[in-house]
There are 4 protein chains.
Amino acid sequence: MAEKITKRHADPALAEARRGQILIAAADCFRRKGYHGAGMAEISKTAEMSAGHIYNYFASKEAIIEAIIERDMEEMFSIFQQFEDHPDDLVSVMTEGADEGVEHSMDKEQGALQLEMLAEAARNPKVAFLLQQSDTHARDKMRRLLTGERSLIKDVTDKELDGRINVLFAMFGGLLLRTTLYPELQKDTILLALKPALRTLLMPF
Amino acid sequence: MAEKITKRHADPALAEARRGQILIAAADCFRRKGYHGAGMAEISKTAEMSAGHIYNYFASKEAIIEAIIERDMEEMFSIFQQFEDHPDDLVSVMTEGADEGVEHSMDKEQGALQLEMLAEAARNPKVAFLLQQSDTHARDKMRRLLTGERSLIKDVTDKELDGRINVLFAMFGGLLLRTTLYPELQKDTILLALKPALRTLLMPF
Amino acid sequence: MAEKITKRHADPALAEARRGQILIAAADCFRRKGYHGAGMAEISKTAEMSAGHIYNYFASKEAIIEAIIERDMEEMFSIFQQFEDHPDDLVSVMTEGADEGVEHSMDKEQGALQLEMLAEAARNPKVAFLLQQSDTHARDKMRRLLTGERSLIKDVTDKELDGRINVLFAMFGGLLLRTTLYPELQKDTILLALKPALRTLLMPF
Amino acid sequence: MAEKITKRHADPALAEARRGQILIAAADCFRRKGYHGAGMAEISKTAEMSAGHIYNYFASKEAIIEAIIERDMEEMFSIFQQFEDHPDDLVSVMTEGADEGVEHSMDKEQGALQLEMLAEAARNPKVAFLLQQSDTHARDKMRRLLTGERSLIKDVTDKELDGRINVLFAMFGGLLLRTTLYPELQKDTILLALKPALRTLLMPF
DNA sequence: GATGAATGAGGGTTCATTCAT
DNA sequence: GATGAATGAACCCTCATTCAT
């Protein structure tokens, strides 16, 4: 199950467009109703396409959420690339980048979908694998940044580094939950306290 | 839907015991299979009670998860009380208490259920309301702690305080996600970086 | 798939009655529409029971046809028992029994169902296995009869015996097809030629 | 449904070639997967032609199996012709021809398709009609053979003759079933017993 | 003539919920 | 109070068929 569909399409551009249509529609439905709550009927209506036709592009509903995850992974990687390419010192880059990071983490629509995927991971091994793979890549990227020349903590032990990265990720990831639990929370309020904590995590203790 | 059942029970004590049985069983099932993955049949078997009988105590499956949340809220409040009652200075108390907090946040079984509930909140207003209420109470408790005599930051602005609390909560809450995304992560690794960050959040910047 | 359902039923007698209801209804539908042509909806309507309820007694549609086969096997064994218990010489017994055998083989309703099951066996290994098992038992029974004291051919080689039995079975089994291909065919017409052929197969060549 | 398509084709020869392509491909698929098991997609791939195009030659999937039957009928007639043209006495010819007949009847691939068609006949009147028509022709041919000069039973009553023919056909037809029910069965084993039975049916009792 | 994208009814199955006992 | 037999709507998915190109 959940394998990428192998069917040959005469017009690959059209096929890719249809896949995109479906992914966007499905992500929207999952956001609003959850993975289990959203039916193929609703997804197909949102995608303006018959339910049956979706199966010409995805082998199953499960394959759809997996594709959404994979697409999100690619997005995330491009964000990290920005940090890597930036010339300034890391603490400045990241505290300033925090602004954008917080905004992203506090996007309600996005957050609901992410939570949905995380919850699904708890019982769907394939989803769990994909998310973990994505997270491993992200940690690797971050580790490379923090051990680079521009980093103030390039000499800490591996274990401490792992701890710093995970707390960092927990902090940003946790914003997903804050948005759900405290919808009135403002970005600048968060930044007031997050930047100092971030600095602590990027400098020697 | 999901209203508290209004049925009169001849023996209120027995009724309460039955409700407890059901909640424990359901929480267990939800933990293992997720809200959607656990069926009433399994819950009823775990609760050693017929499926039909559960409906004498809860109007629907949804009402059950709501009751679980309500029960969890009560538990959480008692934890906070510990901090309030403790005589030492707050930074010490909390950095030492972090140990227990991390352990709690990284409990995988518990985490799956929490994620489930948070995901459900994104689309179920009643669940969202309950969780938000719970979170508001928690923030209030924390605010009271941080503005108490023993606090080093009792004079910061309300806004900054709100920021600190939310980042604090995000950090711990985010550990839920870390466990799902990086199952091999160890508690002591986290603590290595979390304690300094925690200190930063509890002291003037 | 297709395993016997393991659910415990509070009232085994009722459960057995329901299973019977379902088997009778399903056999009827399969006869009229074929295994693939008959839907669970139609079966459930014929059985005067909701579609969902059928799944409390059978794990799948496939399990139903398997149960029908098993039930038929038991019926068939009881017929063979008659021959075994009969005191007269075998040729007489069987040529006289042919009457009943032909009638049974030419029952149109029954025949359609048998054909359906045989066709299904060509692509469903479990069905094939059950039918082959049934046939093996039948051949064993027949072999025992033909090597018994009362048999005129008790001393032929195993291979010849196997040949005789299989031609015998082919002849009767083939009547199933005759009924479909030539519905006007009468039983007594068949018997006119079948009895001599039968005698040939039961006596030394 | 299932009427012969009325569409005019610009190039009748090409059209006939395409029809042939489709019939061969479909027969192959039906053999391997059964009528219901084989999809139009698979048939179209086997026929190296788009699914939609098939509908330019056949009105429906049903029309295809009907055309296959019609084609098979024509094949069968040519086999009978062999007997009619042969100079030797009938008993010799047919007992020797039995060899080939048994081989043909025991071809597993072919058998599956035949069974499929017979099962379909039980519920599809058009299929039933075609098969019956085919069978009637075959019986006529056989009757002509058995009442010819070379026959030893040219003087039996019509009814007895009908009985003999039908038992004969049942015996060969029944081999189809034997192959499904007892796949290890060998041709020579069958012939050991079939030839004497055959002789009985071709000679005065 | 030929394609394959697109449809949508219907397939088997699950499961929260009801109710007679 | 307690059971579990029974319901039926909704689930995901398949496939014969159509039609714009």
Student check: side-chain heavy atoms of [X] and [Y] closer than 4.5 Å:
X	Y	value
B/E66	B/N124	yes
C/L115	C/T180	yes
B/K33	A/R123	no
C/D72	C/M117	yes
D/I54	D/I64	yes

Length of the line joining [X]:[atom1] and [N]:[atom2], which is rounded to integer Å:
X	N	atom1	atom2	answer
A/E42	E/dG8	CD	P	18 Å
A/I43	F/dC12	CD1	P	7 Å
B/E48	F/dT3	CD	P	10 Å
A/K33	F/dA10	NZ	P	12 Å
D/N56	E/dG4	CG	P	14 Å
C/R18	F/dA5	CZ	C1'	8 Å
D/K45	E/dT3	NZ	P	15 Å
C/D11	F/dG4	CG	C1'	11 Å

Item to check | C/Y55 six-ring face occupied by C/K61 cation (under 6.0 Å, within 45°) | outcome: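 Verdict for C/Y55: no cation-pi partner in C/K61.
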Checklist entry - Within the structure, does a side-chain N or O atom of A/H9 lie under 4.0 Å from either OP1 or OP2 of E/dA5? => result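 A/H9 to E/dA5 OP1/OP2: side-chain N or O found under 4.0 Å.
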Next on the checklist: Between D/M49 and A/S50, which residue's closest nucleotide on DNA chain E lies nearer the 5′ terminus?
Outcome noted: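 The 5'-side residue here is D/M49.
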Next on the checklist: Can you classify the ring geometry of D/H36 versus C/H36 as parallel (below 30°), tilted (30 to 60°) or perpendicular (above 60°)?
Outcome noted: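 Rings of D/H36 and C/H36: parallel, under 30°.
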Checklist entry - Is DNA chain E part of any stem, that is, at least 3 consecutive Watson-Crick or G-U pairs with both distances under 3.5 Å, and where? => result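 Consecutive-pair runs (3 or more) involving DNA chain E: E:2-21 with F:2-21.
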Checklist entry - Who pairs with B/A112 by side chain to side chain contact (heavy atoms under 4.5 Å, CB included), at least two apart in sequence or on another chain? => result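 A/A122.
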Checklist entry - Reading nucleotides 14-21 of chain F from the 5' end, what letters show protein touch, with B for base, S for backbone sugar-phosphate only, - for no heavy atom under 4.0 Å? => result BBSBBB--
Checklist entry - Just checking, is any N or O donor in the side chain of B/H9 or B/E16 under 3.5 Å from an acceptor N or O on the other one? => result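 There is no such pair between these side chains.
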